[in-house]
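Only a predicted model underlies this, so the values are computations on that prediction, with no experimental measurement involved. Convention: sequence-line order gives letters A, B, ...; per-chain numbering from 1. Hydrogens, waters and symmetry mates play no part in the numbers below; they use all other heavy atoms, side chains included.
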Amino acid sequence: MPRRYWKPLRVVIATLVFALAALLFLGHAGSLPVASRDALLYPQFIPSLLNYTTLFGLAATGFIAVILLTLLYGRVYCSTLCPLGILQDVFIRLAQWWRPRRVPFHYSRPHSRLAYTVLLLTVLTWLSGSLLLINLLDPFSVFGRLVSDGLRPLYFGAYNLVAYSLAAFGAYPLAPVVWHAAPLPTLLIPLLSLAVLIVLSVRQGRLYCNTLCPVGTLLGLLARVALFRIRIDEEACTVCAQCSIHCKAGCIHLKTRAVDFDRCIACYDCLGVCKGAGIGYRHSHRPSVATVPAAVDSGRRALLRSGLLYLGGLLALTRDVPVGGATTPPPPTIERLPVIPPGAQSLAHFNATCTACHLCVSACPTGVLQPAWLEYGWSGLLQPRLDFAASFCNFECTLCGELCPTGAILPLAKAAKQVTQLGVAHFIKELCIVYTDHTACGACSEHCPTKAVQMVPYRDKLTIPEVREAICIGCGACEYACPVRPARSIVVHGHAEHQAAQPPTTQRLELPVQNNAFPF
Amino acid sequence: MKRRQFLESSLSAGLLAGVGGTLGGYARLLAAQTAPDLVAVRNGEPEVLFDQGIQAFGGMSRFVQKGQTVVVKPNMAWDVPPERAANTNPRLIRRIVEHCLNAGAKQVYVFDYTCDNWERSYRNSGIEQAVKDAGGKLAPANSERYYQAVKVPKGQRLTEVQEHELILSSDVFINVPILKSHSSATLTVSMKNLMGIIWDRWYWHRNDLHQCIADFATYRKPTLNVVDAYNVLLRNGPRGVSTADVAPMKAQLLSTDMVTADAAAAKLFGIEPDTVDYLRIAHELGAGRKDLEKLTIRKIVL
């Protein structure tokens, strides 16, 4: 392929990926074609890797495809498929438009020690059973939270404003989106990510991807041995420096004509600005290129080598010796376990697989899925839980399981979901209105889809709730509907492991005598 | 044509029209005098039941004048299909909207403040499609912004409430509940259906549900109530668990008085009206009449 096509092709694909990812996380996952959302989710590296460890299915081989692609052409993922990488390109473009700089970037020395340390710690904490670092650093999930938690409220705020304005004139073409605000502290982490990303990208290009991103660093290691690498052709190069000053990764060292390919994010901006044929993909075994200076390389290699040793050594240790603050969390000891989504199977499975990308939070039609703060402990920070103060799980809906890219929420057929017991409702009689006020209520039973909460005779013609645990699925409709405040009189206790509920009983109905007369 | 001839003929045409108009007025007055308190129709499809029922009142033009705005309030609170009989029959809603538009309504709005997710409930109840097909408009009710505070002067527990703006701004309000068993209120019909036009239903649950339902009925009186009893959820209401809870009754009740409609509905359901607390209280508060034996009832069996 001629070198001038590389960049436009990258830009076209990246734009599609970005638009699709933004729509998904803005809450349109339910209305997008299934094929398009699958196409976007398939190559997302960490979600796919985690999904593979759960499913071992063909649908979860995306990370292998990315590895193969990287072994061929380097970190194509970072500028074409990674929504967070593309987002940084958007920031860079905006900054350049806002305040144009003749020399936007320049060569920078690698921060290998930092990058490998982050990668190492991420891998180690994962192997020791905590997803905390993965969740904080996985680029797909960071992007997801930025859009889902940060942009989505603004997006729907604007939408609702239009809807309300039109309604003022008696027109109702748009209906407002019901908004359940996420707990405030859960916004801190996306906001922090956003600040770091903006500052780094505007000032230093893709420095984030070459320091803090574990996927970037990992793929960088693979890119070192890629079959085709971007290199400077010393004979064709006129040393115009255009490639170097446009390199967002700062990885083109003009003095030595060396391209630090493990830091190259494959954006092809260099190929676009090169007037001649000075820079481009070359087969790695073709010798007609600049010799890579030893100074750049050996130190990093040594670090890498020692790092791998370090990793190997620690791996043996982590089984019983905790490392730093990232240890296996003890099982939550709180009395009332959080309720995890249908298909999440168990707290152990869910906490070990969910990267808190918040795709399910965006897509959930009722808004019952909300990011947790410390309900799962530190390790499960920001992983979603069912918040029955916000809403309840719709009996007919299976969307979260269909969408989840990591396999944390496994897909469930509707019939299976409707007998999956996430937890069980507990009735606290002393708080119930029927008991305290001696008036009728029954809001809980009203909302119950299986009638696990039924009204039974109480006193003076009144009825009071009773829970039939065997058919309760823990959807939280009763807890949501309960009007008692501040503490509700019926609450769902989550299961550490989901159970099978019995299907609701159906007895034959005694039909009233059907004649055509009226009883009045 | 000569000018005089033209004037004469125009004058007589005008006169005729005038007299005709007056007679029409008398006819309407006559119909109003003989209008029944309750129309009960049985043994037909939902559309036919309504055609017959509204005919007994002298047609929809008795309630809807040309250029008026109408709001039709079904029960579509639940994300379940029509055969589960937890929501008003979509075929009935479609027919009512058509009748309103035929009578010259400028706009017919349909909404409900749902219990399940509102988009799914609107869609899966079949009512969204029915309203679109008939030429009516769906309005949202899922945001507090659409509600305005109103006073309930005769209310005992409920003295103030937030009511949907469309109820306040429309000329005609047609209440179209479905008859169902109800775990909180024993029975849900016309009066209970109005919990879908107010915002804070939790307040009602906390403050003597039956009293609040009756209180609100002293304030808000729909122009017409059409009770859908085509399929009736006899147990596990208001949501129902399966179609095994549903009995076909193929009936419909029409009344301008909610208490009357609900009392008749209770009888149809197989229970005495007095066993439903809010019915008894509403009657005592003068919100309407439950003494069916003293009322004019038109019974139509097809």
Top contributor to chain A contacts, counting heavy-atom pairs under 4.5 Å, from B:Ala251, B:Ser242, B:Ala264: B:Ala264
Heavy-atom pair with the smallest gap, counting every atom of A:Tyr164 and B:Ser143: OH-OG, 2.7 Å
Most contacts with chain A, counted as non-hydrogen pairs under 4.5 angstrom, among B:Asp245, B:Thr69, B:Leu302, B:Leu166: B:Leu166
Top of A:Ala481, A:Cys448, A:Pro504 for chain B proximity - count of heavy-atom pairs under 4.5 angstrom: A:Ala481
Region of B:Asn207 in contact with chain A, defined by heavy-atom distances below 4.5 Å: neither
Carboxylate-amine/guanidinium proximity below 4.0 Å for A:Asp437 and B:Arg206: no
Pairs of heavy atoms under 4.5 Å with chain B: top-ranked of A:Pro465, A:Cys444, A:Gly442: A:Gly442
Distance-only polar pair, side chains of A:Glu446 and B:Ser184, donor-acceptor under 3.5 Å: yes
Contacting region of B:Ile297 [heavy-atom separation from chain A under 4.5 Å]: side chain
Exercise: identify the closest heavy-atom pair between B:Trp78 and A:His447: CH2-CA, 3.9 Å
Atom of A:Lys451, atom of B:Gly237 and distance for their closest heavy-atom approach: NZ-O, 3.5 Å
Option that, when pairs with chain B are counted at under 4.5 Å, heavy atom only, ranks first among A:Ala440, A:Ser445, A:Pro449, A:Pro365: A:Pro449
A:Phe520 atom CZ: more than 12 heavy-atom contacts under 6.0 Å: yes
Closest-packed option against chain B by number of heavy-atom pairs under 4.5 Å, given A:Ser391, A:Cys441, A:Ala175: A:Cys441
Reported CD-to-CG distance for the pair A:Gln454 and B:Asn236, which is rounded to 0.5 angstrom: 8.5 Å
Donor-acceptor contact present, side-chain B:Lys299 to main-chain A:Ala517, <3.5 Å: no
Proximity breakdown for B:Lys267 and chain A, heavy-atom pairs closer than 4.5 Å: both
side-chain contact (heavy atoms from CB on, under 4.5 Å) between B:Val80 and A:Phe395, worked out: CA-CA 10 Å; B:Val80 295; A:Phe395 192 58; over 6 Å; no
Winner by heavy-atom pair count (cut-off under 4.5 Å) against chain A, out of B:Val232, B:Leu138, B:Asp208, B:Leu209: B:Asp208
Check: B:Phe111 ring centre within less than 6.0 Å of A:Tyr172 ring centre: no
Between CZ on residue A:Phe518 and CG on residue B:Leu292, distance to nearest 0.5 Å: 12.5 Å
Structural part of B:Arg201 lying under 4.5 Å from a heavy atom of chain A: neither
Region of B:Tyr203 in contact with chain A, defined by heavy-atom distances below 4.5 Å: neither
When B:Glu165, B:Glu119, B:Glu293 are compared by non-hydrogen pairs under 4.5 Å with chain A, the top option: B:Glu165
Segment of A:Tyr480 engaging chain B (4.5 angstrom heavy-atom cut-off): both
Interface moiety of B:Leu253 toward chain A, non-hydrogen atoms closer than 4.5 Å: side chain
B:Lys294, NZ atom: more than 12 neighbouring heavy atoms under 6.0 Å: no
Heavy-atom closest pair, residues A:Thr463 and B:Ser183: OG1-O, 4.1 Å
B:His210 portion near chain A, given a 4.5 angstrom heavy-atom threshold: side chain
Option in B:Gln211, B:Arg235, B:Lys137 with maximal non-hydrogen atom pairs under 4.5 Å from chain A: B:Arg235
Pairs of heavy atoms under 4.5 Å with chain A: top-ranked of B:Ala141, B:Ala185, B:Gly270, B:Cys115: B:Cys115
Contact class of B:Leu38 relative to chain A, heavy atoms under 4.5 angstrom: side chain
No-hydrogen, no-angle side-chain donor-acceptor test under 3.5 Å, B:Asp79 and A:Asn394: yes
Chain B contact via A:Cys397 - which portion, at a heavy-atom distance below 4.5 Å: both
Region of A:Thr366 in contact with chain B, defined by heavy-atom distances below 4.5 Å: both
Considering all heavy atoms, the nearest A:Ala163-B:Tyr146 contact: O-OH, 4.4 Å
From A:Glu396 atom CD to B:Asn124 atom CG, the distance as rounded to the nearest 0.5 Å: 7.5 Å
